[in-house]
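In the text below, chain A, chain B and the rest are named by the order of the sequence lines, each starting its count at 1. Computed from a predicted structure; not experimentally measured.
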There are 2 protein chains.
Amino acid sequence: MDVSFAVSRTRPGITAEKYPADCPTRTVLTHITSKWGVLVLLSLEQGSLRWGELRREVEGISEKMLASTLRTFEADGLVNRDAQPSIPPRVDYSLTPLGREAALRLLPLMDWIADNAEAMVAR
Amino acid sequence: MDVSFAVSRTRPGITAEKYPADCPTRTVLTHITSKWGVLVLLSLEQGSLRWGELRREVEGISEKMLASTLRTFEADGLVNRDAQPSIPPRVDYSLTPLGREAALRLLPLMDWIADNAEAMVAR
DNA sequence: CAGCATCCTGTTAGATACTG
DNA sequence: CAGTATCTAACAGGATGCTG
């Protein structure tokens, strides 16, 4: 696979650069680290949530941004959308196995941030 | 410490929400997951780099964004700036211990993205 | 070489209103 | 309840030129 990141970790010295602009990793990194991406992914990490629950969990997110973030992740195969055709409608969102893998890598980061954020901002 | 993330992982049920809007974690998360934040942090993970080296490592970053990203991380205490008052000037950037901790949590994520990005984008 | 100043653009995101 | 539609605003980000 020709993803430069994995290759370049070894610092071959000949490879032009470590983080080329036109690399699929950039796209995925952008999705996941989008303003609400991390928060949505981690909210679903403990189990599926309904639309409204998600909105309340990720405080401050607008309906538009929640919809767009979820659709992006659905297209990426990170999130499942399960819509019940009932009235009133009920839609549950959950992580796919792939999404769970991503969330798993996000958890240590968020835990660390939670532990150090105050000190950093106060500085 | 009143960082809601760490607390809420247990799903107390009484806590209003998991990711409140006015939380220092939001600020730090924004800095680190900014468009170039992850790439800069990881570029420095293997050792200090000069300004120009960083520009080349993180392909596509503009001078303005590199400067602003570095200044933010410097203020957060994640990056050290070491300026030699020589002519021509030489400035080296390196991670602080705090920055190294952050980068360490970013590595698994980037490795995972590198392994899965193509499949996700191709989808 | 390592920036900063200035100006400018466009995506990203917020507000509001409406619907099946 | 779970969205869509539309309109607008803000700020991240880019281009260019200049300097110690």
Exercise. More 5' along DNA chain C: B:S68 or A:T30, using each one's nearest nucleotide?
Worked result: B:S68
Problem set entry | Pair B:E45 + B:R100, salt bridge at N-O below 4.0 Å |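 B:R100 and B:E45: not salt-bridged.
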Whole-Å distance separating the [atom1] atom of [X] from the [atom2] atom of [N]:
X: B:D82; N: C:dG3; atom1: CG; atom2: P; value: 11 Å
X: A:R56; N: D:dA2; atom1: CZ; atom2: C1'; value: 12 Å
X: B:E53; N: C:dA2; atom1: CD; atom2: P; value: 8 Å
X: B:D92; N: C:dC1; atom1: CG; atom2: P; value: 14 Å
X: A:I61; N: C:dT12; atom1: CD1; atom2: C1'; value: 12 Å
X: B:H31; N: D:dG13; atom1: NE2; atom2: C1'; value: 16 Å
X: B:I87; N: C:dG3; atom1: CD1; atom2: P; value: 14 Å
X: A:K64; N: C:dA15; atom1: NZ; atom2: P; value: 12 Å

Minimum-distance nucleotide (side-chain atoms of [X] versus [options]):
X: A:S62; options: C:dG3, C:dG14, D:dA2; result: C:dG14
X: B:M65; options: C:dG14, D:dG13, C:dG3; result: D:dG13
X: B:W36; options: D:dG13, C:dA2, C:dA15; result: D:dG13
X: A:P89; options: D:dC1, D:dA15, D:dC7; result: D:dC1
X: A:Y93; options: D:dG13, D:dG3, D:dA2; result: D:dG3
X: B:R50; options: C:dG3, C:dA17, C:dC1; result: C:dC1

Exercise. Any donor and acceptor pair, going by atom type alone, linking the side chain of B:S86 with main-chain N or O of B:P89 inside 3.5 Å?
Worked result: no
Exercise. Donor-acceptor pair under 3.5 Å: do we get one between B:K35's side chain and the base of D:dG13?
Worked result: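 A donor-acceptor contact between them is absent.
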Exercise. For B:R55, which contact category applies under a 4.0 Å heavy-atom criterion: base, sugar-phosphate, or nothing?
Worked result: nothing
Please tell me if the side chains of [X] and [Y] come closer than 4.5 Å, counting only heavy atoms from C-beta onward.
X: B:L39; Y: B:T69; value: no
X: A:T27; Y: B:M120; value: no
X: B:L78; Y: B:L95; value: no

For this session: May I ask you to verify if any side-chain N or O of B:R71 is less than 4.0 angstrom from the OP1 or OP2 atom of C:dC4?
Result: yes
Exercise. Distance check: side-chain N/O of B:R81 vs OP1/OP2 of C:dG3, anything under 4.0 Å?
Worked result: yes
